[in-house]
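Structure first, then comments.
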Amino acid sequence: MGEIELGVLHGDGIGAEIVPATVAVVDAALAAAGASPIRWRELPYGRAAIDTHGDSLPAETVDALASMAGWILGPHDNAAYPAEHRARTAPGGRIRKQFGLYANIRPAAALPGIHALRPDLDVVIVRENTEGFYADRNMAVGSGEFKPTVDVALAVGVFTRPACERIARVACELAATRRKRLTIVHKANVLPLAMGMFLEACHAVAREYPGLHVDDEHVDAMAAHLVRGGDFDVIVTENMLGDILSDLAGELSGSLGLAASLNSSDTQAMAQAAHGAAPDIAGRNRANPTALFLSAALLLEWLARQRADRRLHDAARRIRHAISGTLGSGVATADLGGLASTNEFTELVLARVGRRG
Ligand code: ATP
Ligand code: MG
């Protein structure tokens, strides 16, 4: 099995702390699992790249990413860039669009030792990442918002059947590896053409997976069910509803510092924490690296499937166990009410990654 080259993009704020910590944890997990080491390639990105290359996402970074199966993306702090570099689409969004990373996978599961509003929650939200009402990401229409008069604004939502079908397929494949339950979330009662097509396309694809239990919910009902409890497994939904529901689910399961995400196409995947650059605590050795550790575990699992390499899967499992063990032992960073610094927390996770079991 050949060596894998992955990109490393530090980004802004706490990225300088949590990204190197994540690389160290992945290296240790691969070694413990007996997998080939990864060849990491650092690429300019974010505020530092504006200073050195005049662009927060330089062309040389885009060119390098094009040849890679995956990468780890640190957070960006678009709001802090000089005005002429403050793009309408932040650099993370530009990467997603450039590489057509259409599937956003956002698990929400409570971890040991963490006070969660829903300690029993264990769901994965599969969010369509390229269409819907995100005007700046819509490939088909350029800008999806316009004002026919000063007092009237229109927003176009784009839904295409191929995009609905491919996200449904990702969700079905995932559900087949979990508790085999798929819930399609929509608002087809008010948007019968657009979300109606999303709903219909998801059901059509799901019929190809007879082993799955499939149902659907309106997003408002789903929000209530998530808070009250209910046995959901994989939830597939369109872009904006997925953005909102995944924050809700993330918060119910713990905190922002724990919320992982993976953005993928059929050929590439990007690990990215759900939180931002947290400039208020940057450079103070206080950031919680857990969300990015868990995002990297999702990337390893994606690579494991792609390359049919169980050792990559084992490495991911080791990262998850090490995080659960560390948090379960009562060690936590300040955002969770603990006393551990980023470095102390990382060292404890590193020590557990290599343990048996
Ligand atoms: P964005 O627009 O990029 O989402 P934001 O300002 O909404 O940025 P964050 O940068 O995620 O959000 O920060 C929100 C709050 O959560 C801040 O107080 C920040 O310190 C805290 N926070 C976010 N991520 C972490 C983390 N990994 N560890 C500790 N605290 C964090
Ligand atoms: Mg935010």
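What you see below is based on every heavy atom in this structure, not just the backbone, and it leaves out hydrogens, waters and symmetry mates. When a ligand or atom number is given, it counts from 1 through the structure's own listing order.
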With distance as the sole test, does Lys97 use its side chain to make a donor-acceptor pair with the main-chain N or O of Gly93 at under 3.5 Å? no

Counting only heavy atoms, tell me which of Asn78, Leu256, Asp77 gets closest to atom 16 (O) of ligand 1. Leu256

Ring geometry between Phe232 and His225 (parallel below 30°, tilted from 30 to 60°, perpendicular above 60°): tilted

Which bit of Ile14 gets closer than 4.0 Å to ligand 1, counting heavy atoms only: side chain, backbone, both or neither? side chain

Do Asp233 and Arg178 sit within salt-bridge range, that is, some charged N less than 4.0 Å from a carboxylate O? yes

So the atoms of ligand 1 within less than 4.0 Å of a heavy atom of Ala287 turn out to be 28 (N)

Select one of side chain, backbone, both or neither to describe which atoms of Asn288 lie under 4.0 Å from any atom of ligand 1, heavy atoms only. both

Filtering Ala273, Gly276, Gly257 for the heavy atom nearest atom 9 (P) of ligand 1 leaves Gly276

Test ring pair (Phe, Tyr, Trp, His ring centres under 6.0 Å) applied to Trp71 and Tyr45, step by step: CA-CA 12 Å; Trp71 54 91; Tyr45 175 70; over 10 Å; no

I'd like to know whether ligand 1 has Ala277 as a neighbour, heavy-atom separation below 4.0 Å. yes

Using every non-hydrogen atom in the two residues, find where Tyr102 and Ile167 come nearest and quote the distance to one decimal. O-CD1, 3.7 Å

